[in-house]
Amino acid sequence: MEIDIYEEEQQIYDEAVSRISEIKSGALLNFDEYETLTKEYGRILKQLRRITRITDRTVRGLHENNLDLTDKVHYDALTGIYNRRFMEDNLKRIIKTLSRSSGSELSVLMIDIDFFKKYNDTYGHSEGDTCLKAVARSITESLLRPDDFAARYGGEEFVVILPNTDESGALVMANKILANIQFKNILHEKNEATSCITVSIGVTTSEVKRGQEGSAYIKQADEALYVSKQNGRNRYTFIELKGEEL
């Protein structure tokens with residue numbers, strides 16, 4: 001039967017304590033026996049050190065894996081950009097931070113790929129996935145400031161969050177995204193706006209006030225996106241987020 005290493009260590013320790021007690025009571029010190037106990041204890045210590053090193057490596061590995069999994073929770077599996085959950089959580093933090101400074105503005109863009117269902121029906125879902133990745137890359141490449149970020153909202157919809165950005169800056173960004181995606185020149189023969197992949201964008205901006213909800217920005221940007229679609233797609237529409245809509 002295999003003896004647990006900690007049980008074996010305890011046995012050696014108990015034996016050593018017993019011998020010390022006997023010696024104190026007058027028994028002769030047996031150096032051979034003492035040497036044997038010392039060697040056995042040294043062997044156990046080496047095994048314990050080895051187990052400790054293995055345990056430390058395992059704990060470090062689990063910690064690193066946990067950090068990696070935590071990080072991946074924030075990203076969309078297909079496109080590699082932030083997902084909706086991260087966007088909503090981070091938008092809440094951004095609004096809270098900006099609301100502490102008077103006059104701070106926030107802009108939000110809702111982006112939708114034009115006639116994407118027709119693209120999937122024509123070229124297949126594999127090409128559709130490739131298209132989504134390319135559009136996501138074009139959007140993120142359009143962002144230059146570290147605080148700006150894009151997220152996949154769902155399906156073929158994306159959101160861009162622009163802290164400390166007024167209407168003028170938001171419209172510059174919308175134009176840039178439109179141009180960068182069209183520059184990819186991804187063939188889309190069923191696009192009624194043009195012969196390549198395009199997007200429609202809804203833009204909203206507001207001075208951030210205490211108690212504002214991120215959902216108000218998303219809703220207003222989505223309404224502006226709807227207007228862009230109604231007016232022919234491959235364009236942006238701006239609708240200011242006013243007090244009564246907060």
Side-chain angles (χ1 to χ4, degrees), residues 76 79 81-82 84 87-88 90-91 94-95 98 103-120 131-132 134-145 147-186 188 190-209 212-246:
D76 175 62
T79 62
I81 66 174
Y82 290 120
R84 178 171 176 171
M87 182 277 296
E88 290 175 342
N90 207 35
L91 180 56
I94 289 169
I95 289 174
L98 292 179
S104 296
E105 291 184 284
L106 171 66
S107 292
V108 173
L109 281 61
M110 284 287 291
I111 303 168
D112 185 82
I113 301 176
D114 295 327
F115 302 106
F116 187 69
K117 184 180 183 304
K118 290 184 178 181
Y119 185 89
N120 268 337
C131 175
L132 286 168
V135 169
R137 189 162 54 250
S138 293
I139 293 171
T140 55
E141 288 172 352
S142 301
L143 308 178
L144 298 177
R145 301 184 309 173
D147 290 339
D148 300 339
F149 72 94
R152 186 180 179 194
Y153 193 69
E156 66 271 25
E157 285 190 315
F158 300 86
V159 177
V160 171
I161 307 298
L162 305 172
N164 294 304
T165 303
D166 59 13
E167 176 185 343
S168 175
L171 298 187
V172 168
M173 181 56 66
N175 263 318
K176 186 176 182 181
I177 291 171
L178 284 172
N180 285 349
I181 291 173
Q182 199 156 359
F183 183 74
K184 293 282 186 182
N185 200 29
I186 303 170
H188 186 0
K190 295 301 176 74
N191 187 348
E192 297 173 20
T194 182
S195 60
C196 64
I197 283 289
T198 58
V199 297
S200 296
I201 304 177
V203 186
T204 193
T205 300
S206 173
E207 181 179 335
V208 182
K209 304 290 186 182
Q212 278 184 326
E213 298 288 340
S215 57
Y217 284 88
I218 298 297
K219 180 181 177 182
Q220 192 73 328
D222 194 49
E223 290 178 4
L225 170 62
Y226 178 77
V227 175
S228 291
K229 290 181 178 181
Q230 291 296 104
N231 288 337
R233 294 179 166 83
N234 189 26
R235 68 189 68 235
Y236 67 80
T237 299
F238 176 83
I239 300 179
E240 182 181 2
L241 184 62
K242 297 179 181 178
E244 62 268 19
E245 293 150 346
L246 300 178

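- The environment of Lys117 atom NZ is sparse: at most 12 non-hydrogen atoms of other residues, nucleotides or ligands sit within 6.0 angstrom.
- Gly232 approaches Ala193 most closely through the heavy-atom pair O-CB, 4.0 Å.
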Requested in this report: In sequence, state the C-alpha distance, the side-chain angles, and the governing distance for Ile218 and Val159, and then conclude on side-chain contact (heavy atoms from CB on, under 4.5 Å).
Outcome: CA-CA 8 Å; Ile218 298 297; Val159 177; 4.0 Å; yes
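- Residue Ile177 holds its CD1 atom at 11.5 Å from CD of Glu141, rounded to the nearest 0.5 Å.
- With sequence neighbours left out, Glu88 forms a salt bridge (charged side-chain N to carboxylate O under 4.0 Å, His left out) with Arg84.
- Atom OH of Tyr236 is separated from atom CG of Asn175 by 4.5 Å, given to the nearest 0.5 angstrom.
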Requested in this report: Go through Leu162 and Leu106 one step at a time and tell me if the side-chain contact (heavy atoms from CB on, under 4.5 Å) criterion holds.
Outcome: CA-CA 6 Å; Leu162 305 172; Leu106 171 66; 5.7 Å; no
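- Take Lys118 and apply the salt bridge (charged side-chain N to carboxylate O under 4.0 Å, His left out) test, not counting sequence neighbours, and it matches Glu192.
- The closest donor-acceptor contact from the side chain of Thr204 to the backbone of Leu241 lies under 3.5 Å.
- Residues Val199 and Ile113 share a closest heavy-atom pair of CG1-CA, 4.0 Å.
- By the ring-ring contact (aromatic ring centres under 6.0 Å, His included) test, Tyr82 is found to be paired with Tyr75, Phe86, Phe149, residues two or more places apart in sequence or in another chain being considered.
- In this structure, Lys190 has no side-chain hydrogen bond (donor to acceptor under 3.5 Å, both in side chains) partners at least two apart in sequence or on a different chain.
- Atom CG of residue Asn234 and atom OG1 of residue Thr198 lie 4.0 Å apart, to the nearest 0.5 angstrom.
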**Report entry** Stepwise side-chain contact (heavy atoms from CB on, under 4.5 Å) test for Ile239 and Val203
**Finding:** CA-CA 6 Å; Ile239 300 179; Val203 186; over 6 Å; no
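- At distances below 3.5 Å, at least one donor-acceptor pair connects side-chain atoms of Asn191 with backbone N or O atoms of Cys196.
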**Report entry** Derivation and outcome, side-chain contact (heavy atoms from CB on, under 4.5 Å), residues Thr237 and Leu225
**Finding:** CA-CA 7 Å; Thr237 299; Leu225 170 62; over 6 Å; no
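- Looking at residues two or more places apart in sequence or on another chain, you find a side chain to side chain contact (heavy atoms under 4.5 Å, CB included) between Arg235 and Ser228, Asn231.
- For residues 151-183, no pair satisfies ring pair (Phe, Tyr, Trp, His ring centres under 6.0 Å), with sequence neighbours left out.
- From Ile139, atom CD1 reaches atom CD1 of Ile81 across 6.0 Å, with rounding to the nearest 0.5 Å.
- Lys219 meets the side-chain hydrogen bond (donor to acceptor under 3.5 Å, both in side chains) test with no other residue; sequence neighbours excluded.
- Of the possible polar contacts, one joining the His188 side chain to the Phe115 backbone as a donor-acceptor pair under 3.5 Å is found.
- Proximity of a side-chain donor or acceptor of Thr165 to a complementary backbone N or O of Pro163 within less than 3.5 Å is detected.
- When all heavy atoms of Val208 and Glu105 are compared, the pair lying nearest together is CG2-C, 4.2 Å.
- Evaluation of the salt bridge (charged side-chain N to carboxylate O under 4.0 Å, His left out) rule for Lys176 yields no partner, not counting sequence neighbours.
- Expressed to the nearest 0.5 Å, how far CG of Leu91 lies from CG of Leu98 amounts to 9.5 Å.
- Checked against side-chain hydrogen bond (donor to acceptor under 3.5 Å, both in side chains), Asn180 has the following partners two or more places apart in sequence or in another chain: Ser142.
- Qualifying side-chain hydrogen bond (donor to acceptor under 3.5 Å, both in side chains) partners for Asn164, counting only residues two or more places apart in sequence or in other chains: none.
- Here CG of Leu109 is found 9.0 Å from CG of Leu143. Values are rounded to the nearest 0.5 Å.
- When every heavy atom of Ile95 is checked against every heavy atom of Gln212, the shortest pair comes out as CG2-O, 3.7 Å.
- In terms of the salt bridge (charged side-chain N to carboxylate O under 4.0 Å, His left out) criterion, residue partners of Asp148 (sequence neighbours excluded) are, by chain and number, Arg145.
- For Ser200 and Asp112, the side-chain atoms include no donor-acceptor pair closer than 3.5 Å.
- Listed by first and then second residue, the salt bridge (Lys or Arg N to Asp or Glu O under 4.0 Å) pairs that reach into residues 150-168 are Asp76-Arg152, sequence neighbours excluded.
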